[in-house]
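Note that this is a predicted model, so its numbers are computed, not measured. Scope of the values below: all heavy atoms of this structure, side chains included, with no hydrogens, waters or symmetry mates. Letters A, B, ... mirror the listed sequences (proteins, then strands); counts begin at 1.
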There are 2 protein chains.
Amino acid sequence: MKYSASKENHLKAIFHLQHEQGIVTTNALAAALQTRPASVTDMLKKLKEQKLLLYERYKGFRLNNEGKKAAIQVIRKHRLWEYFLVKKLQFGWDEVHEIAEELEHISSKKLVDRLDAFLGFPDTDPHGDPIPDSQGRFLQRRQISLSELPLNKLAQVSAIASQTSEMLELLQYNHIQLGTRLLISRKFPFDNSLEVKIRSRPPVTLSAQVAKNVLVKDDE
Amino acid sequence: MKYSASKENHLKAIFHLQHEQGIVTTNALAAALQTRPASVTDMLKKLKEQKLLLYERYKGFRLNNEGKKAAIQVIRKHRLWEYFLVKKLQFGWDEVHEIAEELEHISSKKLVDRLDAFLGFPDTDPHGDPIPDSQGRFLQRRQISLSELPLNKLAQVSAIASQTSEMLELLQYNHIQLGTRLLISRKFPFDNSLEVKIRSRPPVTLSAQVAKNVLVKDDE
DNA sequence: AATTAAATTTAGACAAATCTAAAATTAAAA
DNA sequence: TTTTAATTTTAGATTTGTCTAAATTTAATT
Ligand SMILES: [Mn+2]
Ligand SMILES: [Mn+2]
Ligand SMILES: [Mn+2]
Ligand SMILES: [Mn+2]
């Protein structure tokens, strides 16, 4: 099956949202796609027609198995291209998302699998997100949000949940990137902001909003 | 300037046709793009509106400088991606065209230039066609059609003018590919077919139609 | 030169994807 | 439990790119 770029974008966004929330709402999807709720409703009808999602008017929606499979293939393409751009073409990790947003819609399955092999079957993209394999299998890693990390416990940045360029710019400014080892040296209950220490650097302060979107795992 | 995939396809096809014919006709373009003359007329109006071509109704058309520049950028992308697919992803030269037909519409200029550098600034694509550089400069090579090659003169295949998969399949069957050294051992005036010899192989016969589309250059 | 044929353009339609404004439904507040 | 507010859907339009069928213009034949 081959879907339009717009359909693929919708499938992917629904997949991400339902991973966080179970059921997805029209407004949430419209916000994620920077489009209008009315446009989302239009697309939902088409996706339901094609039996890619479960949907009844006014009651929210979610992907069925077929829809998930399709979404995962798009995610696979997106992340493999991001990996290619960073590792082979020397792009920065904060400038590949938009380009991958276009490349992910190239349809050749053979191309994706060859690219995968060429890259040595990587299992995480430049932002630390897992890359599904050819059969759509994920290796899901146990990672927590930086805001849940206990005080003074060393951890390693493993993924960035919100990948807007504004977010990435802020992190880069604070010398935080994939693989950075850090710990929380202080918590401020007033606004839930955190003071974070990175080895041999002055500490930096992160808002709760930022911390929530930085995912970490135990340091080895 | 960024143009739609359809506009880019039209620009590229017009460029190729006017290279051969000077002025381009509606029917020729429709045939090249596998579309209808009426659709071509519609698009011509838009391209003229955007000042990419010279066009007056019923009188044919051709790209202006702006249009040529745009077309060359598309050709550059197409051929760089073809080179990538063959040299890095191990595709055969006869299976890359369709995929490149999609990849050529990815818009990032930076991506193309990085890809170019990654590939080592190649100057011909897998079919022997020259790859324009970042400024749109071509290195045009003096090549002639196999049908114009004198009898018994050794030459080397440098490009294939018609790159349909049917054509490429036929050539592959006859062991003719880019770089193949050959000579014409006999000409048959009745139908302008040719007997062609490739070193250490039994001679093969090619129709005039095939020979016209095989381009050769002097053997070093 | 008149007629026929070919090429090209116009007129009108359609599908996909999006939008705004208004209506319908559901959720929250008084 | 009314009333108000938020969410979601519908109705109707718009843009882009395409098509068929008919009309127009140009080219080729008799
Ligand atoms: Mn996308
Ligand atoms: Mn990513
Ligand atoms: Mn194309
Ligand atoms: Mn080529």
When the rotation axes relating C1' atoms of four end pairs to the next four are compared across the helix from C/dA1-D/dT30 to C/dA30-D/dT1, five pairs an end, they differ to 10° by 10°
Measure the distance from NZ on B/Lys48 to C1' on C/dT8 and round it to the nearest whole Å. 15 Å
Atom-pair distance (CD on B/Glu49; P on D/dT16), nearest Å: 11 Å
Check whether any side-chain heavy atom of B/Tyr83 sits under 4.5 Å from a side-chain heavy atom of B/Leu115, and report yes or no. no
Produce a footprint string for nucleotides 4-10 of chain D: one letter per nucleotide, 5' end first; B if the base is under 4.0 Å from any protein heavy atom, S if only the sugar-phosphate is, - if neither. ---SBBB
Separation of atom OH in A/Tyr3 from atom P in C/dA16, rounded to whole Å: 15 Å
Qualifying residue for side chain to side chain contact (heavy atoms under 4.5 Å, CB included) with A/Leu53, from A/Leu47, A/Val24, A/Asn64: A/Leu47
Which of these passes salt bridge (charged side-chain N to carboxylate O under 4.0 Å, His left out) with A/Glu104: A/Lys12, A/Arg79, A/Lys77? A/Lys12
If we ignore angles and hydrogens, is there a donor and acceptor under 3.5 Å between the side chains of A/Ser193 and A/Asp191? yes
Less than 6.0 angstrom from the centroid, inside 45 degrees of the normal: does B/Lys46 satisfy that with respect to the ring of B/Tyr3? no
Rounded to whole angstrom units, what separation is found between the CG atom of B/Leu29 and the P atom of C/dT9? 11 Å
Can a side-chain donor-acceptor contact be found between A/Ser6 and A/Ser4 if the only test is distance below 3.5 angstrom? no
Does a side chain donor of either B/Asn9 or B/His105 reach within less than 3.5 Å of an acceptor in the other side chain? yes
Between the side chain of A/Lys187 and the main-chain N/O of A/Leu194, is any donor-acceptor distance below 3.5 Å? no
Distance, rounded to the nearest Å, where B/Arg36 contributes CZ and D/dA22 contributes C1': 15 Å
Matching residue for B/Arg76 among B/Asp113, B/Asp129, B/Asp123, B/Asp125 - test: salt bridge (charged side-chain N to carboxylate O under 4.0 Å, His left out): B/Asp113
Nearest listed nucleotide, side chain of B/Lys46, among D/dT16, C/dT18, D/dC19: D/dT16
Does C/dC19 have OP1 or OP2 under 4.0 Å away from a side-chain N or O of A/Thr35? yes
Are any of A/Ser4's side-chain N or O atoms less than 4.0 Å away from OP1 or OP2 of C/dA17? yes
N/O (side chain, A/Ser39) to phosphate O (OP1/OP2, C/dC19) under 4.0 Å: yes
With the threshold set at under 4.0 Å for non-hydrogen atoms, list the residues of residues 9-16 of chain B touching DNA chain C in residue-number order. none
Verify, without hydrogens or angle tests, whether A/Thr35 (side chain) and A/Ala31 (backbone) share a donor-acceptor contact under 3.5 angstrom. no
So that I know where these two stand, are A/His127 and A/His97 an aromatic pair - ring centroids less than 6.0 Å apart? no
